[in-house]
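Inspection log for the structure reproduced underneath, given as structure tokens.
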Amino acid sequence: MRFSRYLIPTTKEAPSDAVLPSHIYLIRGGFIQSVGAGLYNFLPLGKRVLDRVRDVVKEELDKAGCLEVDLAFVTPAELWKESGRFEKYGKELLRFTDRKENEFVLGPTHEEMMVNLVRQSVKSYKQLPLNLYQIKTKFRDEIRPRFGLMRGREFLMKDGYSFHKDEADMKREFDHMEATYSRIFTRLGLDFRVVEADSGAIGGTGSKEFMVLAESGEDTLVVCEGCDYGANIEAAVRKPAEGPRYEEGEAPEMTRGKFHTPGVKTIEDLARFFRIDPFHLVKAVAKKALYDEGREEIVVFFLRGSDELQETKAANAVDANELIDVTEEELRAAGLVPGFIGIEGLPEGIRYVIDRELAGNDTLIAGANEADYHMVGVSIPAEGEPFADLVAVREGDRCAKCGGKLRYTKGIEVGHIFQLGTRYSEPLGATFLDENGKARPFVMGTYGIGVSRLLAAIIEQHHDERGCIWTRESAPFDLEIIVSNIANDAEREAAETLYHALRERGVEVLLDDRKERFGFKINDFELIGIPWGVVVGKKIADGTMELIRRDGLERTEIPADRAIEEILGRIG
RNA sequence: CGGGGUGUGGCGCAGUCUGGUUAGCGCGCCUCGUUCGGGACGAGGAGGACGAAGGUUCGAAUCCUUUCACCCCGACCA
């Protein structure tokens with residue numbers, strides 16, 4: 001490909017709203033063009049990268065036995081009503097009607113469509129297992145699209161769905177997909193981590209996320225320094241916290257009783273008041289839980305004074321769609337006393353959940369549900385109460401698996417695999433006949449990869465202050481030839497010869513034959529980030545060219561008459 | 001949706017507070033010439049009617065009203 005005939009509108013400046021390197025360089029390098037909030041056009045260069053990434057995904061999936069399909073993008077609302085998601089999905093789902101006033105949605109994900117496809121064509125256990133996928137544009141009317149390709153409203157996603165006769169086979173496929181995904185991200189040159197993820201909202205029994213490690217990641221991950229444990233903060237678990245160490249006879253003892261604690265409302269105040277470690281205090285966090293059809297309820301979460309509430313865990317514990325803050329007025333209206341909420345004496349009908357780590361504890365101080373009073377010597381039974389894991393794991397906590405030290409890191413979610421079970425097959429009546437001729441719902445798994453997001457993730461992880469550095473399998477071209485001065489016949493001819501020779505050997509080459517100065521071209525090369533460059537310049541008079549490795553910008557002189565072998569040998 | 005902000009040639013901005021020549025600058029673009037290994041220089045040129053609608057005024061990019069779009073900070077997700 002000749003640069004002079006290609007459309008690569010590079011710019012010196014980036015739009016002022018671009019913050020992330022991936023966003024800035026993808027725009028400045030002429031890969032993409034913004035057309036509205038979360039909407040992008042892919043220009044020729046961007047399209048090339050997208051296709052290459054897509055190819056890697058497709059190749060590995062096909063090798064893994066998955067079958068590619070292509071489902072309608074505009075989907076009948078009927079299916080969504082059947083699964084119950086038409087109402088539940090919220091405003092992210094773009095709904096519209098056609099000229100006959102029939103309702104449709106633009107697919108944000110395709111569980112319903114795929115289940116529909118399968119229930120119409122698969123009738124017997126003999127046809128199972130089956131893993132179907134598509135790589136297709138999705139539309140989610142995101143509340144806040146941002147960061148370029150990182151979080152668009154329209155984006156390219158690979159979504160796959162597997163169908164099984166039983167749980168065990170679904171789990172087998174789940175592991176198989178984990179391995180397949182790992183191969184895909186490895187081929188793309190990404191430093192990633194597979195972590196435990198929250199699976200509450202969508203339902204199902206287990207899920208894992210593939211996180212590309214990058215400072216700019218939107219997710220906080222908890223990883224262990226001692227073993228391979230890693231989890232999204234929303235799903236991270238830890239070894240139960242140990243209390244402070246006390247000398248012989250120094251451990252706090254509590255005589256049960258109600259204490260006058262005027263104005264002592266916060267954990268800090270309480271710890272100071274009783275001169276005790278917050279570990280022994282019970283923190284009450286009240287939230288308003290939102291459910292389907294506008295139903296809402298105040299819920300109180302109890303955990304150690306030394307811990308923080310993890311909202312996703314809390315929402316899952318009460319099956320809420322969302323938790324929002326409550327005002328003191330609302331608390332009072334519900335009969336609660338802000339600042340003095342405790343487990344004992346909680347007003348009738350108030351729903352509460354206790355953090356599992358508190359189970360069986362008896363040296364605790366909690367609110368007395370009465371203004372200016374706390375209960376000392378509170379004990380919590382080991383069972384019988386509504387317990388759940390509610391704590392936000394913190395840096396320095398101990399790993400539940402090996403006891404090692406846990407720390408935070410940031411990640412970009414590029415893949416997510418889910419054990420779905422019968423969550424969709426059941427409501428949609430998708431069944432098959434088993435060995436005994438009995439109808440049973442398909443046991444499903446679902447697997448996603450953010451293909452367009454991958455481009456952003458690759459650049460987030462592979463760039464320098466000059467521009468993009470594409471990895472081998474994601475690069476739009478394998479190599480770029482830069483003709484220093486196109487007006488110089490010797491340079492031009494040598495470059496042309498090399499260009500044709502490399503192309504004949506299957507190398508994807510971009511020949512910068514533009515009538516521009518050297519500095520201009522080399523800057524574009526560095527911005528665009530093709531992994532290798534060859535400068536054909538005035539050194540051609542001495543029979544040498546220069547090979548540049550984009551990653552590190554290391555230069556090597558190579559003899560012009562052996563250029564092809566040298567290049568093929570190095571770029572592999 | 002809550003809070004903050006911005007809309008002026010393709011891109012980045014100034015001008016707006018304090019209405020008043022022909023709306024300005026840098027980059028980019030076109031033509032010619034000189035240059036040619038790190039975003040060259042000179043000369044000439046094209047391109048906007050100031051997000052939109054309404055209003056105030058002799059006069060509006062500038063003041064008022066409404067509206068739309070986009071961006072930043074929070075809850076969602078590949």
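In the text below, chain A, chain B and the rest are named by the order of the sequence lines, each starting its count at 1.
Under the 3.5 Å distance criterion, with hydrogens and angles disregarded, a donor-acceptor pair is assigned to the side chains of A:D159 and A:Y161.
A gap of 26 Å separates the P atoms of B:G42 and B:A14, to the nearest Å. The P atoms of B:C70 and B:U62 are separated by 23 Å, rounded to the nearest whole Å. Here, B:U16 and B:A75 have their C1' atoms 36 Å apart, quoted to the whole Å. The C1' atoms of B:G39 and B:G54 are separated by 47 Å, rounded to the nearest whole Å. Using P as the reference atom, B:A23 and B:U66 are 30 Å apart when rounded to the nearest Å. Going from the C1' atom of B:C72 to that of B:C30 covers 38 Å, rounded to whole Å.
Note on A:E234: nothing from the nucleic acid sits closer than 4.0 angstrom, heavy atoms only. In this structure, A:V535 reaches the bases: a heavy-atom distance under 4.0 Å links it to at least one base atom across the strands shown. Counting non-hydrogen atoms under 4.0 angstrom, A:K138 reaches nothing in the nucleic acid. The residue A:E142 sits close to a base: some heavy atom pair falls under 4.0 Å. Using a 4.0 Å heavy-atom distance criterion, A:N488 is classed as making no nucleic acid contact. Using a 4.0 Å heavy-atom criterion, one finds that A:G152 contacts the bases of the nucleic acid, with or without backbone contacts as well. When heavy atoms are screened at a 4.0 angstrom cut-off, A:D325 is found touching no nucleic acid atom at all.
Taken residue by residue, residues 18-52 of chain A places heavy atoms nearer than 4.0 Å to RNA chain B at A:R28, A:A37.
Ring centroids of A:W80 and A:F104 are separated by 6.0 Å or more, keeping the two rings apart. Here the two rings, on A:F301 and A:Y352, have centers that are 6.0 Å apart or farther.
For A:E413 and B:C76, the CD to P distance is 13 Å, given to the nearest whole Å. In this structure, A:L309 atom CG and B:A75 atom P are separated by 13 Å, rounded to whole Å. Put simply, CG on A:L149 is 21 Å from P on B:C77, counting in whole angstrom units. Separating the CZ atom of A:R85 from the P atom of B:C76 is a distance of 17 Å, rounded to the nearest angstrom. Rounded to an integer number of Å, the gap from CD1 of A:I143 to P of B:C77 is 9 Å. The distance between atom NZ of A:K539 and atom P of B:G37, rounded to the nearest whole Å, is 11 Å. Atom NZ in A:K287 sits about 12 Å away from atom C1' in B:G74, given to the nearest Å.
For A:D219 against B:C77, a side-chain N or O and a base N or O form a donor-acceptor pair under 3.5 Å. Residue A:R140 places no side-chain atom within donor-acceptor reach of the base of B:C76, judged by atom type and a 3.5 Å distance cut-off alone. Within 3.5 Å, no donor on the side chain of A:R144 pairs with an acceptor on the base of B:C1, nor the reverse.
A cation-pi arrangement, defined by a distance under 6.0 Å to the six-membered ring centre and an angle within 45 degrees of its axis, is absent between A:R140 and A:F155. Remark: A:R153 fails to qualify as a cation-pi partner of A:F139 under the 6.0 Å distance and 45° angle criteria applied to the six-membered ring.
Taking the six-membered ring for Trp and thresholds of 30 and 60 degrees, A:F418 and A:H416 have ring planes inclined between 30 and 60 degrees apart.
The base-pairing partner of B:C41, taking Watson-Crick or G-U wobble contacts with both distances under 3.5 Å, is B:G33. The base-pairing partner of B:C27, taking Watson-Crick or G-U wobble contacts with both distances under 3.5 Å, is B:G10. Of the nucleotides present, none pairs with B:C17 by Watson-Crick or G-U wobble criteria with both distances under 3.5 Å. Base pairing of B:C1 is made with B:G74, judged by Watson-Crick or G-U wobble geometry with both donor-acceptor distances under 3.5 Å.
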Atom pairs under 3.5 Å, N or O on each side, protein against nucleotides 31-36 of chain B: can you list them with distances?
from: B:U35; atom 1: O2; to: A:R517; atom 2: NH1; distance (Å): 2.7
from: B:C36; atom 1: O2'; to: A:N485; atom 2: ND2; distance (Å): 3.1

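Within the 4.5 Å cutoff, no side-chain heavy atoms of A:L93 are placed close to those of A:D141.
Between A:G448 and A:T10, the residue whose closest nucleotide on RNA chain B is further toward the 5' end is A:T10.
With a 6.0 Å radius and a threshold of 12 heavy atoms from other residues, nucleotides or ligands, A:K515 has its NZ atom at or below the threshold. Heavy atoms of other residues, nucleotides or ligands lying less than 6.0 angstrom from CD of A:E554 number 12 at most.
Of the candidate nucleotides B:G39, B:C73, B:G37, B:C73 has the atom lying nearest to any side-chain atom of A:F147.
Each of A:H23, A:E215, A:M150 was evaluated against A:E460; a single residue qualifies, A:M150, per the side-chain contact (heavy atoms from CB on, under 4.5 Å) test. For the side-chain contact (heavy atoms from CB on, under 4.5 Å) with A:K287, the lone residue among A:V318, A:D325, A:I324 that qualifies is A:D325.
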Legend entry - Base versus backbone protein contacts along nucleotides 9-14 of chain B [heavy-atom cut-off under 4.0 Å; B, S, -]: --BSS-
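Contact check, A:R146 against B:G74: a side-chain N or O comes under 4.0 Å of OP1 or OP2.
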Inset, instruction - In sequence, state the C-alpha distance, the side-chain angles, and the governing distance for A:T10 and A:D524, and then conclude on side chain to side chain donor-acceptor pair (under 3.5 Å). - result: CA-CA 7 Å; A:T10 58; A:D524 270 355; 2.9 Å; yes
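Distance alone, capped at 3.5 Å, places no donor-acceptor pair between the A:W532 side chain and the A:R570 backbone.
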